[in-house]
Structure formats: C-alpha cells, structure tokens
Amino acid sequence: MMPTLFQKIIAREIPADIVYEDEATLAFRDVQPQAPTHILVIPKKPLTRLSDAGADDAELLGRLLQTVNRVAASEGLADFRVVVNNGAGAGQSVFHLHLHLLGGRPFRWPPG
Ligand code: DGP
C-alpha cells in the first residue's frame with residue numbers, strides 16, 4: 001500500500017510543524033486550521049482509522065489521549081475539543097488515524 005501523507009510526515013519526507021513526538025505518537029499543526037489552535041495527534045503505527053484499532057491497541061489509544069493532554073497543556077488550553085473523523089462519511093480524508101485537537105475559540109454543540 002502507498003504510504004499516506006501522515007506516514008510521510010512521520011518519516012520526515014514532507015515537512016510539518018511538529019509540536020511533540022515520542023516513540024509511539026506525533027503531534028503537528030494542521031495545514032487547514034479550523035481554530036486558532038488546531039493540532040493533529042497521530043500514532044506512528046499506521047492504523048487506517050479508529051475502528052481498525054484492536055484489543056492490542058488499547059495502550060496506544062491511551063497514549064494518544066495522553067499526548068492530546070500534554071500538547072493542550074503546552075499550548076495553554078484549559079478547554080479544548082478532540083475530534084476523530086472515522087471513515088469518509090464522517091469527514092475522514094487522510095486514512096491514517098488522527099485526533100484533531102482544537103482550541104482557542106468557543107465551540108458549539110452539536111457539531112456540524
Ligand atoms: P480528516 O478530514 O479528519 O481526515 O483530517 C485531515 C486533516 O489533515 C485536515 O484537517 C487537513 C490536514 N492535512 C491534510 N494534508 C496535510 C498536510 O500535508 N500537512 C498537515 N500538517 N496537515 C494536513
């Protein structure tokens with residue numbers, strides 16, 4: 001399978017504004033920000049989407065949320081929104097699991 005855009009960012013084959021990295025996760029700014037702070041948190045493991053995560057990914061899923069918390073704190077965000085688009089019908093356009101961390105403006109509910 002062709003590597004996705006995000007696998008190329010992990011491999012430093014295309015540039016990104018990386019704000020955090022550890023052995024399992026990477027966080028970088030979204031190129032089309034939907035809020036003053038819009039950061040994507042991804043696993044280095046190439047999971048296509050959230051619903052492809054299995055029981056053996058439980059620790060990884062926890063680590064992704066820990067990275068969200070860490071990055072939100074480093075960005076000075078007390079309140080923030082986390083979004084996962086799972087599948088094309090839900091708005092997913094890059095098929096490597098990613099969590100959108102959005103902050104810096106008020107958010108309405110329900111989302112569009
Ligand atoms: P989604 O629609 O949930 O699959 O979100 C994909 C996000 O990825 C979207 O908000 C735009 C962002 N994006 C697309 N291409 C690039 C890129 O080359 N670099 C960065 N940093 N973000 C990208």
Side-chain angles (χ1 to χ4, degrees):
M1 246 175 42
M2 290 283 287
T4 64
L5 209 51
F6 292 174
Q7 283 169 272
K8 291 180 182 172
I9 288 175
I10 294 167
R12 306 304 203 269
E13 289 168 13
I14 61 171
D17 185 356
I18 293 170
V19 297
Y20 176 78
E21 178 171 25
D22 61 30
E23 64 278 13
T25 70
L26 186 73
F28 53 92
R29 295 189 194 281
D30 195 296
V31 282
Q32 295 170 318
Q34 303 301 317
T37 300
H38 187 171
I39 290 167
L40 301 172
V41 175
I42 68 171
K44 290 187 173 176
K45 175 179 174 177
L47 276 172
T48 303
R49 59 187 196 164
L50 180 62
S51 56
D52 285 347
D56 55 338
D57 294 311
E59 187 193 342
L60 179 59
L61 295 179
R63 289 188 68 141
L64 288 166
L65 289 173
Q66 285 177 324
T67 295
V68 165
N69 277 342
R70 184 188 290 257
V71 172
S74 70
E75 294 288 316
L77 298 174
D79 296 345
F80 54 86
R81 180 169 285 182
V82 180
V83 173
V84 177
N85 297 322
N86 186 76
Q92 186 175 5
S93 61
V94 179
F95 289 88
H96 180 117
L97 171 61
H98 50 283
L99 285 64
H100 296 259
L101 165 60
L102 299 142
R105 66 167 171 84
F107 294 101
R108 285 178 299 179
W109 192 261

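Sequence positions, counted from 1, serve as the residue numbers for this chain. Whatever order the structure lists ligands and atoms in, that order sets their numbers, starting from 1.
Atom 21 (N) of ligand 1 has R29 O, 2.9 Å as its closest protein atom, hydrogens excluded (heavy atom only). Scanning all protein heavy atoms for the shortest distance to atom 4 (O) of ligand 1 gives S93 N, 2.6 Å. Considering only non-hydrogen protein atoms, atom 1 (P) of ligand 1 sits nearest to H98 NE2, 3.1 Å. Remark: minimum distance from atom 18 (O) of ligand 1 to any protein heavy atom is reached at L5 CD2, 3.6 Å. Of the protein's non-hydrogen atoms, V31 CG2, 3.6 Å is the one closest to atom 13 (N) of ligand 1. Regarding atom 2 (O) of ligand 1, its nearest protein heavy-atom neighbour is G91 O, 2.7 Å. Here the heavy atom of the protein found nearest to atom 7 (C) of ligand 1 is D30 OD2, 3.4 Å.
Side chain of R105 to backbone of G103: no donor-acceptor contact under 3.5 angstrom is found. Although no hydrogens or angles enter the test, the distance criterion places no donor-acceptor pair under 3.5 Å between the side chain of D17 and the main chain of R29.
Looking at Q32 next to ligand 1, no N or O pair under 3.5 Å apart turns up. An N or O contact shorter than 3.5 Å is missing between H38 and ligand 1 by distance. Considering backbone and side-chain N/O atoms, A16 never comes within less than 3.5 Å of an N/O atom of ligand 1. Of the polar atoms of I14, none of the N or O atoms is found under 3.5 Å from an N or O of ligand 1, judged by distance alone.
Only the side chain of L40 comes within 4.0 Å of ligand 1, counting heavy atoms alone; its backbone N, CA, C and O stay farther away. With a heavy-atom cut-off of 4.0 Å, N85 touches ligand 1 through its side chain alone. Using a 4.0 Å cut-off between heavy atoms, D17 makes no contact with ligand 1 at all. When non-hydrogen atoms are compared, ligand 1 lies under 4.0 Å from the side chain of F6 (C-beta onward) but not from its backbone.
You'll find the side chain of I10 reaches within 4.5 Å of the side chain of H96, heavy atoms only. No side-chain heavy atom of V71 sits under 4.5 Å from any side-chain heavy atom of L77. You'll find the side chain of R70 stays beyond 4.5 Å of the side chain of V41, heavy atoms only.
Of the options Q7, E23, E21, a side-chain hydrogen bond (donor to acceptor under 3.5 Å, both in side chains) to K44 is made by E21 and by none of the others.
Heavy-atom neighbours of D79 CG from other residues, nucleotides or ligands within 6.0 Å: at or below the threshold of 12. Annotation: R81, atom CZ; neighbour count of heavy atoms from other residues, nucleotides and ligands within 6.0 Å is above 12. The number of heavy atoms from other shown groups lying within 6.0 Å of CD (E59) does not exceed 12.
Of the options H96, H100, R49, Q92, the smallest heavy-atom separation from atom 3 (O) of ligand 1 is shown by H100.
Near V94, the atoms of ligand 1 lying under 4.0 angstrom from a non-hydrogen atom of the residue are 4 (O), 6 (C).
Between H100 and H38, the ring planes lie tilted relative to each other; the angle falls in the 30° to 60° range.
In this structure, R49 CZ and L97 CG are separated by 11.0 Å, a value rounded to the nearest 0.5 Å.
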